[in-house]
Amino acid sequence: MIIESAEVVVTSPDRNFVTLRLTTDDGLVGLGDATLNGRERSVVAYLAEHVAPLLVGRDAHRIEDTWQFLYRGAYWRRGPVTMAAIAAVDVALWDLKAQAAGMPLYQLLGGASRTGLLAYGHASGPSLPSLFESIHQLLEEGYRAIRVQTSVPGLSKVYGVGSSALYEPAGRVPMPVEEDWDSRSYLRHIPGVFEAVRAEFGPSLPLLHDVHHRLTPIEAARLGKELEPYDLFWLEDCTPAEDTSALRLVRQHTTTPLAIGEVFNSVYDYRSLISERLIDYVRSAVTHTGGITHLKRILEYAGQYGIKSGIHGPTDISPVGMAAALHLGLAVHNFGIQEYMKHGALTDSVFSQSFTFTDGLLHPGSAPGLGVGLDLDAAGRFPYQTAYLPINRLKDGTLHDW
Ligand code: KDG
Ligand code: MG
């Protein structure tokens, strides 16, 4: 199974997606997601200029060797651009191998460890009534676990509070949109929101919350402690992710479970967090963490410490990246939960998908490989559009973590 071509496809149906498309001499097509939200073209260049020429002529079966060749062989290791590019190659190779075997990919990863993957959806609303309505809507769609985000009095635009049913923080704008932030207002408001949600929806519904990297360690510790009565499934990214030692302090003060890692891209980002048991869930996406080969390694390591998966799955993970997450999640022992945001109809017109969402559970389906197809004609109808994630400023204009 020799790679004959490696093509980078950029399409922007509902948002920008970067897909690596490998074809082999036996006529198979393998896909890998390389979408890095707001920085898409950096990965396009990395793949097209530096990686694709190295792939043509290689044996597509040699997944591990190709991974090491691209990781160690570049000398410049890790980083979001490199690891998204390697991830795309890795996932496309797994897709090809599973198609060649005539099996859904999860079979090659060890087979199914469960019947389906518990998914959580995003509920949000600027006020309590609109938040409750959003939660009711998700429950009607079958979700059995809910992420809760809401506005904060005095702030005009807060992360995670959607203006439409489709979650999409990146705007198709020439400059990043500015949002505002005040940690004291946020900390005063959020515990009451969870108290109200628990009172309305009862004790058993798994509830999640994303702080999106905004608090200092001591603020995060206070929040985790104050949320304990509401039994969160997890508190996500409570402090800026690159300062992993911050979680030591948070952990000393609260038993609220902690999740982190959507901006990580290597096992080395997790090493002390896992070995010191400072987190409960690994949030990495297959797309941003070196693909199935590397994320599987991270999850197996995490499993030794009772830490579970919580693979990142917002809409900036393409259907290809989502399918990869589902095959991996179905196979690993220490699955925790899968984030699942539905893509829009235009995205679904470009990517055919075999995965299902039934009674709150995702399943990757039984099609050989990943089970995702890319319609090149449809993709061509949606050219790249400049888009940026927002930025955050405090009231005095200081730039804050978004
Ligand atoms: O591209 C950034 C988004 O993927 C991120 O804001 C989503 O935090 C996120 C989440 O938990 O889904
Ligand atoms: Mg997040």
Side-chain angles (χ1 to χ4, degrees), residues 12 14-18 33-43 80-81 83-84 87 119-124 134 138 143 145-150 157-163 165-173 176-177 179 181 186 190 206-215 220 223 232-242 247 257-265 269 279-289 309-319 321-322 325 336-344 347 362 385-392 400-402:
S12 193
D14 300 295
R15 61 162 357 277
N16 292 318
F17 292 115
V18 178
D33 178 26
T35 308
L36 190 61
N37 203 1
R39 293 291 186 272
E40 292 87 356
R41 284 179 151 171
S42 57
V43 195
V81 175
M83 296 303 271
Y120 75 88
H122 288 202
S124 74
S134 170
L138 288 180
Y143 282 98
I146 312 275
R147 187 184 93 154
V148 172
Q149 306 292 135
T150 189
K157 181 104 187 61
V158 171
Y159 167 77
V161 185
S163 48
L166 279 184
Y167 163 87
E168 184 48 75
R172 284 172 162 167
V173 285
V177 166
E179 300 186 350
W181 185 250
Y186 168 79
I190 289 299
L207 298 176
L208 304 86
H209 181 66
D210 192 347
V211 186
H212 226 254
H213 320 274
R214 289 164 186 214
L215 298 178
L223 180 64
L232 263 61
F233 187 95
W234 78 35
L235 185 65
E236 176 182 346
D237 288 340
C238 59
T239 49
E242 65 271 40
L247 293 183
L258 302 175
I260 205 162
E262 69 183 39
V263 300
F264 289 173
N265 48 66
D269 295 320
I279 57 171
D280 301 280
Y281 295 94
V282 164
R283 283 288 285 142
S284 278
V286 174
T287 304
H288 301 137
T289 318
S309 73
I311 299 181
H312 195 213
T315 44
D316 46 288
I317 300 300
S318 87
M322 177 56 64
I337 200 166
Q338 174 63 50
E339 182 179 23
Y340 175 50
M341 304 300 306
K342 291 176 183 164
H343 285 112
T347 300
L362 288 156
Q385 297 201 25
T386 300
Y388 286 104
L389 286 167
I391 61 154
N392 232 351
H400 191 72
D401 303 270
W402 176 74

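Order of listing sets the numbers, starting from 1, for every ligand and every atom in it.
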for atom 3 (C) of ligand 1, nearest protein heavy atom and its distance come out as D316 OD1, 3.5 Å
Check the orientation of Y143 and Y340. Use parallel for under 30°, tilted for 30 to 60°, and perpendicular for over 60°. tilted
Might you point out which heavy atoms bring T150 and V161 nearest each other, and give the distance in Å? C-CG2, 3.4 Å
Identified side-chain hydrogen bond (donor to acceptor under 3.5 Å, both in side chains) partner of S284 from the options D269, T289, N265: T289
To check your reading of the model: name the closest protein heavy atom to atom 6 (O) of ligand 1, its residue, and the distance in Å. H212 NE2, 2.8 Å
Taking only heavy atoms of W402, which atoms of ligand 1 are found under 4.0 Å from at least one of them? 6 (O)
Return the closest protein heavy atom for atom 1 (O) of ligand 1 as residue, atom name and distance. N37 ND2, 2.8 Å
For a distance under 2.8 Å, tell me if E262 has an N/O/S atom near the Mg ion (ligand 2). yes
Per-atom contacts of ligand 1 with D210, taking only distances under 4.0 Å to non-hydrogen atoms: 8 (O), 9 (C), 10 (C), 11 (O)
Nearest to atom 8 (O) of ligand 1, what protein heavy atom do you find, and at what distance? E262 OE2, 2.7 Å
The closest protein heavy-atom partner of atom 9 (C) of ligand 1 is Y159 OH, 3.0 Å
Should you measure from each heavy atom of R283, which atoms of ligand 1 turn up under 4.0 Å away? 10 (C), 11 (O), 12 (O)
Have a look at E236 and say which of its N, O or S atoms is nearest the Mg ion (ligand 2). OE2
In this structure, atom 12 (O) of ligand 1 is nearest to the protein heavy atom E339 OE2, 2.4 Å
Any salt bridge between R147 and D210, counting N to O under 4.0 Å? yes
Checking the side chain of H400 only, and the main-chain atoms of N392 only, is there a donor and an acceptor separated by less than 3.5 Å? no
Anything under 30° is parallel, anything over 60° is perpendicular, the rest tilted; go ahead and classify F17 against H343. perpendicular
Measure M341 to ligand 1 on non-hydrogen atoms and call it side chain, backbone, both or neither using the 4.0 Å cut-off. neither
Step through it carefully: locate the ring centre of F233, locate the ring centre of Y281, and say whether they are under 6.0 Å apart. yes
If you look at D210, which of its N/O/S atoms is nearest to the Mg ion (ligand 2)? OD2
Starting at OG1 of T239, measure out to CG of L247 and round the result to the nearest 0.5 Å. 4.0 Å
Taking all non-hydrogen atoms of both residues, which atom of V286 and which atom of I311 are closest, and how far apart? N-CG2, 4.2 Å
Which residue supplies the protein heavy atom nearest to atom 7 (C) of ligand 1, what is that atom called, and how far is it? Y167 OH, 2.9 Å
